[in-house]
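The next block holds one structure in the form of structure tokens; read it before the comments.
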Amino acid sequence: MKKISAVLTLMLLAVAPLSARTALELFVDAPDGIVPLLGHAARMDMADYHRYNLPTPTENELGGGSRIAESSEGSLLVEMSPSSSVQFGVLPLRGDTLAVVVETVLTPQSDSSIRFYRVSDWTEVNQRNSPVGKADFLPAGVSAADVPLLFAQARFEPEQGVFVFTNTTAGYFHDSDRPEAVASMKQTVKRRFDGKKWTTVSEER
């Protein structure tokens, strides 16, 4: 019995540091290539500046300045450039922890893409379905064909483990050429990722 207890204790100790690591720690430790345009040394500098509340930007691989704008235990936001940002988050799941990378570009309209990596070995996680699509924002009776494209900005909320998708499609069109169906689209959709697939939690008109 004592041997079993000792083995269980060792297993818990091995898993605990992984699940308890903050978004900032994982951001720094992630292999090069996972956080776009920021190598390990650059991320270390950014973390130091942020810890000491210094607004100093760090040069990224395109020659521009990047900085950590805000952070919490489960998420941090990096201002990559005046027109792009990266949110880096921690998504604990049963048996594993995922690193969340939300890349957002602000032009021509705010639009985001999302990737996940297993913290245990930093392999990318396959997503069985898309994070969000036109059908998720459309009410019953409106066809996806009536909306030529979709722009949606994503934000990860680590406290609830959900992603908030804000519809930004309307701003892409001029009043004269905006499809009528765009006006009927939902404004926000909350979705959850369970390590394999996405499901809708709630939506708001």
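Note that these values count all heavy atoms, side chains included, but never hydrogens, waters or copies made by symmetry. We number each residue from 1, following the sequence as shown.
Partners of K190 under the side chain to side chain donor-acceptor pair (under 3.5 Å) rule, at least two apart in sequence or in another chain, do not exist in this structure. By the salt bridge (Lys or Arg N to Asp or Glu O under 4.0 Å) test, E61 is found to be paired with no residue, residues two or more places apart in sequence or in another chain being considered. Considering only residues two or more places apart in sequence or on other chains, S72 meets the side chain to side chain donor-acceptor pair (under 3.5 Å) condition with none of them. Here T169 pairs with N167 under the side chain to side chain donor-acceptor pair (under 3.5 Å) rule; sequence neighbours left out. Applying the side chain to side chain donor-acceptor pair (under 3.5 Å) test to N60 and every residue at least two apart in sequence or in another chain returns S66. The salt bridge (Lys or Arg N to Asp or Glu O under 4.0 Å) test applied to R115 returns E103, not counting sequence neighbours.
For the ring pair (Phe, Tyr, Trp, His ring centres under 6.0 Å) condition, no pair includes a residue of residues 119-149, sequence neighbours left out. Sorted by first and then second residue, the pairs that involve residues 63-101 and meet ring pair (Phe, Tyr, Trp, His ring centres under 6.0 Å), not counting sequence neighbours, are F27-F88. For residues 127-151, the side chain to side chain donor-acceptor pair (under 3.5 Å) pairs, not counting sequence neighbours, are Q127-W198.
Y49 shares a hydrophobic cluster with Y52, L54; the chain of contacts runs through ILVMFWY side chains whose heavy atoms sit under 4.5 Å apart. Members clustered with L106: none, using a 4.5 Å side-chain heavy-atom cutoff among hydrophobic residues.
Closest non-hydrogen pair, L24 versus A47, comes out as CD1-CB, 3.9 Å.
Salt bridge annotation for R51-D48: present, with a cationic side-chain nitrogen under 4.0 angstrom from a carboxylate oxygen.
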Listing, residues 149-165 side-chain donor-acceptor contacts under 3.5 Å, not counting sequence neighbours, or none:
residue : atom : partner : partner atom : Å
Q153    : OE1  : S110    : OG           : 3.2
R155    : NH2  : E157    : OE2          : 2.6

